[in-house]
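Chain naming here is simple, since letters A, B, ... match the order of the sequence lines and numbering starts at 1 in each. Fair warning: this is a prediction, and the values are worked out from it, not measured in the lab.
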Amino acid sequence: MSSEGSPEAARPSNFIRDIILADLAAGKNDGRVHTRFPPEPNGYLHIGHAKSICLNFGLAREFNGKCNLRFDDTNPSKEETEFVNSIMEDVRWMGFQWDALFYASDYFDQLYAWAVQLIKSGNAYVCDLTSEQVRATRGTTTEPGTPSPFRNRTIEENLDLFGRMRAGEFPDGARTLRTKIDMTSPNFNMRDPVMYRILHAHHHRTGDKWCIYPMYDYTHGESDSIEGITHSICTLEFEDHRPLYDWYVENLGIHHPQQIEFDRLNVTNTLLSKRKLLLLVQKGLVSGWDDPRMPTLSGLRRRGYTPEALRTFCANVGVSKTNGVIELGLLEHFLREDLNKRALRAMAVLDPLKVVITNYPADLTEHMEAVNNPADESAGTRSVPFSQVIYIENDDFREVPPKKYYRLSPGTEVRLRYAYFITCQAVIKNDAGEIVEIHCTYDPASRGGNSPDGRKVKSTIHWVSAAHGVEIEARLYDQLLLETTGDESADSDFTSQLNPQSLVIPPKAIAEPSVATAAPGTKYQFERVGYFTVDPDSTPEKPVFNRTVQLRDTWAKIDKALTT
RNA sequence: UCCCUGGUCGUCUAAUGGUAGGACAGCGGCCUUUGACGCCGUGAACAGUGGUUCGAAUCCAUUCCGGGGAGCCA
């Protein structure tokens, strides 16, 4: 098992793995395990797909099997090459490589031949009903449908008509090829489902070769079958389609993969509808599919999420058939856990408050040694310039400190991380009464952060030297949605529920100089502030950082409890 | 109303006829040159009712509640 030793190896079992284990024990499929990840290239992959990717590729890896990437491209009106490319990039980024790459459109000729075969065996017919008429004759949940008047056309007539459909003799929607199954079935999918529809549309791969296109239900099982898939894993909404999936492969007499349905991933406060994500992009409400606020894999990547964190998350959310909603906090937990191990530490001040150290020489610069990652000694140390005027975080000073406030306030002493102890001596205000700077004194004996007399301070705060710091653009992200919305309230105007504060850029953020030239994608923990990653927009003149996730903040909880 | 499907701590998930466990979140504490990380502790669940059984979260019946289903979308 190649996944042994990786963090996700400790995952609990799940019903799909149990099915595979049982199949293996029974000698089914000659001991093969072959899965596939089958997205339609009509949008960008999102975190919901990550679960499916991890499941399909992960199972194949675990059982020394194979996993294909297959594009389910049977509806040319929605599909584009841009999406194909982004999907391949995202799957690789997630850390997986497909054993084979296919497109459902690879099978159009075979599918056509099989359709002819079904016509010849009396199992399919050309129907002239309009889509409205088909709907009207399909029946209801309690009443059976009524047979199409074209249901008993002769095989010869069906063959002729189907050939002419393919030849382009009829306009869109004029006819369909339908499977002759059972108009009285309680399962609508079995009431003579459409196999082919006429669509004079340009396909991103087959161009104008076809003007009839197979439906998903007619295509999926056969595609699985052709590829020798053993376990065809899909989401719960396809449960009702399984009898039809089985019907096609049985009646065609071809290899019969087993369709298994699992619960789609839902995350609190997160939009996971391709339609709505598309809308956000089209309306310009986000900067694109890779906007760091988007739950797309490309958005999460730009935001600073790591594939390792996503994989661990997917391995731990479980696979079942319950319609659950995972708390976003769980994702953030695994994210922080991973980032804590890999992110370089640095100091940055988002909302600066000027501090003058009155007894420190005005012309002196010292270089303080700071560790790059306490969780990884091999990351080494760096030197951080220190001088008389520094900036600290506005939040780290309170003129009137509340109870349990450990940070700087008049008369108190705190430690500047890796530098000195300082004591607040004076608060300088402008005419409006606003604090503009504070004056402190430092203890020269405390260089590096410890006093020889063993004196303790209650707090350590971060800082940036005013003379050496670099201005940065810190993009602070928050949830895109104001509050949990029933994602399913189909056409409710979710755009009115967008959080106007989902992106905030503090105007005067400043960071220690070491971060200025980092390459896009570099991960930092700005100590006591949060995890950040360098954005592709970044330049040495104006470094840009995306806040990936905040640090856990116990004080914020105490403070909130105190004020309420 | 009909078909499919599912209900275990706040959330997600284990236990497959034999001690209801874990993770996240919460709460309390310890540690700390990040109020981070880490560590320790703690509260918290088998939807209801009957039945089968020495024994039921698990099997049966029934009720209640949730999700999906009538595209020429996937």
Side-chain angles (χ1 to χ4, degrees), chain A residues 10-14 18 38-40 42 72-75 77-79 127 129-132 134-136 138-145 172-178 185-191 193-199 212-213 215-217 219-220 234-243 261 263 268 274 316-334 336-337 340-341 345 347 370-371 374-375 404-407 415-419 421 448-450 457-462 488 525-530 550-559:
Chain A
R11 66 172 84 82
S13 192
N14 63 61
D18 292 344
E40 183 189 14
N42 67 344
D72 240 328
D73 55 351
T74 54
N75 185 357
S77 58
K78 293 182 171 181
E79 297 151 5
C127 178
L129 259 24
T130 63
S131 55
E132 293 73 24
V134 169
R135 191 186 325 128
R138 188 153 22 225
T140 67
T141 51
T142 49
E143 305 156 40
D172 287 1
R175 289 178 222 266
T176 55
L177 182 69
R178 290 229 257 165
S185 172
N187 182 345
F188 287 107
N189 295 121
M190 305 300 275
R191 319 244 265 222
V194 170
M195 291 166 65
Y196 273 90
R197 74 285 216 185
I198 299 172
L199 226 47
I212 58 172
Y213 289 93
M215 299 289 288
Y216 164 86
D217 282 312
T219 306
H220 204 87
C234 61
T235 43
L236 249 24
E237 68 268 28
F238 291 103
E239 277 178 321
D240 288 337
H241 296 242
R242 187 172 0 115
E261 309 85 11
D263 62 328
T268 54
K274 268 190 186 174
N316 282 278
V317 294
V319 180
S320 69
K321 290 171 101 81
T322 52
N323 308 99
V325 185
I326 310 286
E327 289 176 350
L328 184 61
L330 187 65
L331 209 208
E332 294 185 334
H333 163 76
F334 289 116
R336 291 192 187 101
E337 182 180 75
N340 182 51
K341 286 183 292 192
R345 307 300 135 111
M347 291 194 285
V371 327
K404 293 197 175 175
Y405 187 83
Y406 301 155
R407 283 111 98 143
R415 171 168 38 233
L416 294 176
R417 178 94 157 139
Y418 298 125
F421 284 6
N450 280 308
V457 289
K458 274 179 141 173
S459 172
T460 300
I461 64 175
H462 58 99
E488 314 320 329
Q525 183 201 100
F526 290 157
E527 295 202 50
R528 305 207 311 131
V529 175
Q550 289 174 271
L551 255 26
R552 280 186 53 139
D553 189 350
T554 304
W555 164 246
K557 273 191 277 191
I558 298 170
D559 194 26

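Residue ring and base: A:F188 does not count as stacked with B:G69 (centre distance below 5.5 Å and interplanar angle below 30° not both satisfied).
B:G10 and B:A45 have their C1' atoms separated by 10 Å, given to the nearest Å. Look at the C1' atom in both B:C31 and B:C12: the space between them is 30 Å, to the nearest Å. The same atom, P, is picked in B:G48 and in B:C64; the two are 15 Å apart, to the nearest Å. B:A61 and B:G18 have their C1' atoms separated by 24 Å, given to the nearest Å.
Closest to the side chain of A:T140, out of B:U34, B:A70, B:C72, is B:A70. The side chain of A:W555 approaches B:G35 more closely than any other nucleotide in the set B:C72, B:G35, B:C24.
A:K321 has a carboxylate O that lies under 4.0 Å from a charged side-chain N of A:E261, or vice versa, which qualifies the two as a salt bridge.
Residue-level contact check: A:T322 touches the backbone only, with heavy atoms under 4.0 Å from sugar-phosphate atoms and none from bases.
Looking at A:Q525, its side chain comes within 3.5 Å of the base of B:U34 through a donor and an acceptor atom. Within 3.5 Å, a donor on the side chain of A:R407 pairs with an acceptor on the base of B:G35, or the reverse. Within 3.5 Å, no donor on the side chain of A:E239 pairs with an acceptor on the base of B:G69, nor the reverse. Within 3.5 Å, a donor on the side chain of A:H241 pairs with an acceptor on the base of B:A74, or the reverse. Between the side chain of A:N323 and the base of B:G6, no donor-acceptor pair under 3.5 Å is found.
Contact between the side-chain N/O atoms of A:R552 and the OP1/OP2 oxygens of B:U34 is not found at any separation under 4.0 Å. Considering only side-chain N and O atoms, A:K557 lies under 4.0 angstrom from the phosphate OP1 or OP2 of B:G26. For B:G35, the OP1/OP2 oxygens have a side-chain nitrogen or oxygen of A:R528 closer than 4.0 Å. Close to B:G69, at under 4.0 Å from its OP1 or OP2, lies no side-chain N or O of A:T141.
For B:G48, the base is anti relative to its sugar; the glycosidic angle deviates from 0 by more than 90°.
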